[in-house]
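Note sheet for the following structure.
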Amino acid sequence: MMLTASELCAQARSNVEEIDVHELNRKTADGVRVIDVREPAEYAAGHIHSAVNMPRGVLEMQLHQHPDVAGYDNALEKMAAEPLYLICRSGGRSALAAESLQRMGFDKVISVAGGMQAWDEAKYAQVTGQDDV
């Protein structure tokens, strides 16, 4: 059976934990780890200040290079020890990425429903550029 991209994303959403942007906004004040899985140009156009950009296409290969864990021999284990919030444009790519990280063994990975579109609609702060974190 063939699935459309929308159906695949909906299926992924049903398999992962999601929160809305209002909850993420509250949590960013506590310094939670946020990864923006959009492409670099999308990220540069506007993103959450504390978010690190790791596009979905290379996320699994770059995760050990996250600034919080880079250089540790057990980088993935350190990364998995705390919740990891994934955000994209609308919530589809982040759900797919969360599902993939679950297969890698991450059990505290959360997708942000509505993504940056919902963040923007809520008028939460964004920054532009690549090197602000």
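Computation of the quantities below employed the complete heavy-atom set of this structure, encompassing side-chain atoms and omitting hydrogens, waters and symmetry-equivalent molecules. In what follows, residues are counted from 1 in the order of the sequence shown.
Between the CZ atom of R89 and the OG atom of S94 there is a distance of 11.0 Å, given to the nearest 0.5 Å. Between the CD atom of Q11 and the OG1 atom of T4 there is a distance of 10.0 Å, given to the nearest 0.5 Å. Remark: I110 CD1 to E23 CD distance equals 8.5 Å, nearest 0.5 Å.
Closest approach of R38 and G46 over heavy atoms only: NH2-O, 2.7 Å. Nearest heavy-atom pair, S111 versus G91, reported as atom, atom and distance to 0.1 Å: OG-O, 3.8 Å. L3 approaches L8 most closely through the heavy-atom pair CD1-CD1, 4.1 Å. When all heavy atoms of V16 and E99 are compared, the closest pair comes out as CG1-N, 3.6 Å. Here the closest non-hydrogen pair linking E60 and M104 is CG-SD, 3.5 Å. Summarising the geometry of Q126 relative to D120, their closest heavy-atom pair is NE2-OD1, 3.3 Å, with the distance given to 0.1 Å.
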Show me, pair by pair, the donor-acceptor contacts under 3.5 angstrom made by side chains of residues 79-87, not counting sequence neighbours?
none

Donor-acceptor pairs are to be reported for all side-chain atoms of residues 68-75 against protein atoms at under 3.5 Å, with residues two or more places apart or in another chain.
residue: D68; atom: OD2; partner: R33; partner atom: NE; Å: 2.9
residue: D68; atom: OD2; partner: R33; partner atom: NH2; Å: 3.4

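Taking the side chain as every heavy atom from C-beta outward, E18 and V112 never approach each other to under 4.5 Å. The closest side-chain heavy-atom distance from T28 to Y124 is not below 4.5 Å.
Judged purely by atom type and a 3.5 angstrom limit, D20 has no side-chain atom pairing as donor or acceptor with the backbone of A113. With hydrogens and angles ignored, the 3.5 Å screen pairs a side-chain donor or acceptor of W119 with a backbone N or O of A125.
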Test side chain to side chain contact (heavy atoms under 4.5 Å, CB included) on L96 and V37; report intermediate values, then the result. CA-CA 10 Å; L96 291 167; V37 299; over 6 Å; no
Let me see the working for E7 and M1 under side chain to side chain contact (heavy atoms under 4.5 Å, CB included), right down to the final yes or no. CA-CA 11 Å; E7 291 167 333; M1 174 176 89; over 6 Å; no
Walk me through whether L101 and L59 qualify under side chain to side chain contact (heavy atoms under 4.5 Å, CB included). CA-CA 9 Å; L101 293 185; L59 176 65; 3.9 Å; yes
From CA spacing to verdict: side chain to side chain contact (heavy atoms under 4.5 Å, CB included), D36, M54: CA-CA 6 Å; D36 190 320; M54 291 187 171; over 6 Å; no
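In this structure H64 satisfies the ring pair (Phe, Tyr, Trp, His ring centres under 6.0 Å) test with no other residue, sequence neighbours excluded.
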